[in-house]
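Worth saying up front: this structure is predicted, and the values here are computed from it rather than measured. Note that these values count all heavy atoms, side chains included, but never hydrogens, waters or copies made by symmetry.
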Amino acid sequence: MSTDERRAIELLTRVCYGRLATSMRAMPFVAPARHIVAGGTVLLRMHGGFDYHHACNGSVVAYGADNLNTGAAALWSVQFTGTARIVEPTEEQVREFGARPHRIDGQDFRPVYLRIDPHFVTVHTMDYFEEHP
């Protein structure tokens with residue numbers, strides 16, 4: 001695992017949610033997802049009611065997360081690009097995901113899980129310093 005991959009995994013563990021991007025019927029889309037890191041791969045939990053997981057299964061996807069809305073002076077953004085597969089998590093992984101929403105856009109939440117084996121990882125950092133007049 002490269003230094004960037006290790007750094008990206010470490011940063012990803014600092015937040016719980018990110019955005020999954022791919023295409024469905026030739027149209028791009030972005031969907032929120034909960035993530036955990038397990039054995040060097042990224043596991044996602046998302047709502048199955050929209051069928052996004054079927055569009056992602058076997059396809060190349062991008063998953064990104066960041067701390068951009070935290071107000072921190074040191075901001076970061078990570079992106080994992082790789083093939084996604086529908087998986088059944090272990091009981092331990094389900095516990096690690098934690099509480100799940102009751103409803104998504106008025107529908108009962110139905111969890112589905114994807115694994116992303118990263119082929120390409122990017123880390124971007126932005127440091128802000130207090131400006132003096």
Side-chain angles (χ1 to χ4, degrees):
M1 189 178 290
S2 74
T3 302
D4 275 351
E5 289 172 326
R6 282 193 297 276
R7 177 74 174 138
I9 292 287
E10 189 273 324
L11 290 170
L12 194 64
T13 63
R14 295 181 185 186
V15 296
C16 297
Y17 286 88
R19 289 161 292 291
L20 176 71
T22 194
S23 63
M24 192 160 106
R25 293 185 288 280
M27 299 298 290
F29 75 89
V30 176
R34 170 77 167 92
H35 64 260
I36 62 170
V37 176
T41 65
V42 179
L43 294 179
L44 305 179
R45 180 182 71 192
M46 55 193 314
H47 177 49
F50 301 133
D51 286 331
Y52 294 156
H53 60 293
H54 290 299
C56 295
N57 192 38
S59 297
V60 174
V61 302
Y63 184 72
D66 58 60
N67 74 339
L68 300 179
N69 290 324
T70 64
L75 299 176
W76 56 265
S77 174
V78 298
Q79 180 174 297
F80 297 81
T81 303
T83 304
R85 297 276 180 216
I86 296 171
V87 296
E88 285 297 322
T90 66
E91 288 182 23
E92 181 180 325
Q93 290 167 339
V94 170
R95 280 191 301 277
E96 193 174 341
F97 274 108
R100 62 187 201 192
H102 296 288
R103 299 181 67 73
I104 300 289
D105 293 340
Q107 296 181 12
D108 289 339
F109 181 73
R110 183 171 51 90
V112 294
Y113 301 88
L114 295 170
R115 181 187 72 230
I116 301 173
D117 295 314
H119 299 288
F120 180 68
V121 176
T122 55
V123 177
H124 295 289
T125 59
M126 295 165 271
D127 295 316
Y128 285 86
F129 298 100
E130 188 176 317
E131 294 184 22
H132 298 285

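Between H35 and V15 there is a side-chain heavy-atom pair separated by less than 4.5 Å. The shortest distance between side-chain heavy atoms of L75 and L68 falls below 4.5 Å. Between T22 and M24 the shortest side-chain heavy-atom distance does not fall below 4.5 Å. Counting heavy atoms from C-beta on, the side chains of H124 and D66 never come closer than 4.5 Å. In this structure, the side chains of P101 and R45 come closer than 4.5 Å at one or more pairs of heavy atoms. Here the side chains of E10 and V37 are not in contact, with every heavy-atom distance at 4.5 Å or above. Between V78 and V121 the shortest side-chain heavy-atom distance does not fall below 4.5 Å.
M46 CE to R19 CZ: the interatomic distance, rounded to the nearest 0.5 Å, is 13.0 Å. Distance check: T41 OG1 to I36 CD1 gives 8.5 Å after rounding to the nearest 0.5 Å. Note that the CG atom of N57 and the CG atom of D51 stand 12.0 Å from one another [nearest 0.5 Å].
Hydrophobic cluster membership is shared by L114 and F80, with clusters built from Ile, Leu, Val, Met, Phe, Trp and Tyr side chains linked at under 4.5 angstrom. Side-chain heavy atoms closer than 4.5 Å link hydrophobic residues (I, L, V, M, F, W, Y) into clusters, and following such links, possibly through other members, connects Y63 to L11. When the side chains of ILVMFWY residues are joined at heavy-atom separations under 4.5 Å, either directly or via intervening members, L44 and F29 end up in a single hydrophobic cluster. Residue V112 is not grouped with residue Y17 when hydrophobic side chains (ILVMFWY) are merged at heavy-atom distances under 4.5 angstrom, including chains of intermediate members. Follow the hydrophobic side-chain contacts under 4.5 Å out from V42 and you never reach V30; the two are in separate clusters.
D127 approaches A74 most closely through the heavy-atom pair OD1-CB, 3.7 Å. For the residue pair R34 and C16, the shortest heavy atom distance occurs at CD-O, 3.2 Å. Between Q93 and A38, the closest heavy-atom pair is NE2-CB, 3.6 Å. Annotation for G49 and Q107: closest pair CA-OE1, 3.7 Å, computed over non-hydrogen atoms.
In this pair, F97 and Y113 present their aromatic rings tilted. The plane angle is within the 30 to 60° band. Ring geometry, H47 versus F50: the interplanar angle exceeds 60°, so the pair is classed perpendicular (tilted spans 30 to 60°).
Under a cut-off of 6.0 angstrom, the local environment of NE2 in H102 is sparse, with at most 12 non-hydrogen atoms contributed by other residues, nucleotides or ligands.
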Self-check item: salt bridge (Lys or Arg N to Asp or Glu O under 4.0 Å) assessment of R110 paired with D108
Solution: CA-CA 6 Å; R110 183 171 51 90; D108 289 339; over 6 Å; no
Exercise. Determine, stepwise, if the pair W76 / R14 fulfils side chain to side chain contact (heavy atoms under 4.5 Å, CB included).
Key: CA-CA 11 Å; W76 56 265; R14 295 181 185 186; 4.2 Å; yes
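Checked for salt-bridge contact, R95 and E92 miss the test: no charged N lies under 4.0 Å from a carboxylate O.
In this structure, the side chain of D4 does not engage the main chain of F120 through any donor-acceptor pair within 3.5 Å.
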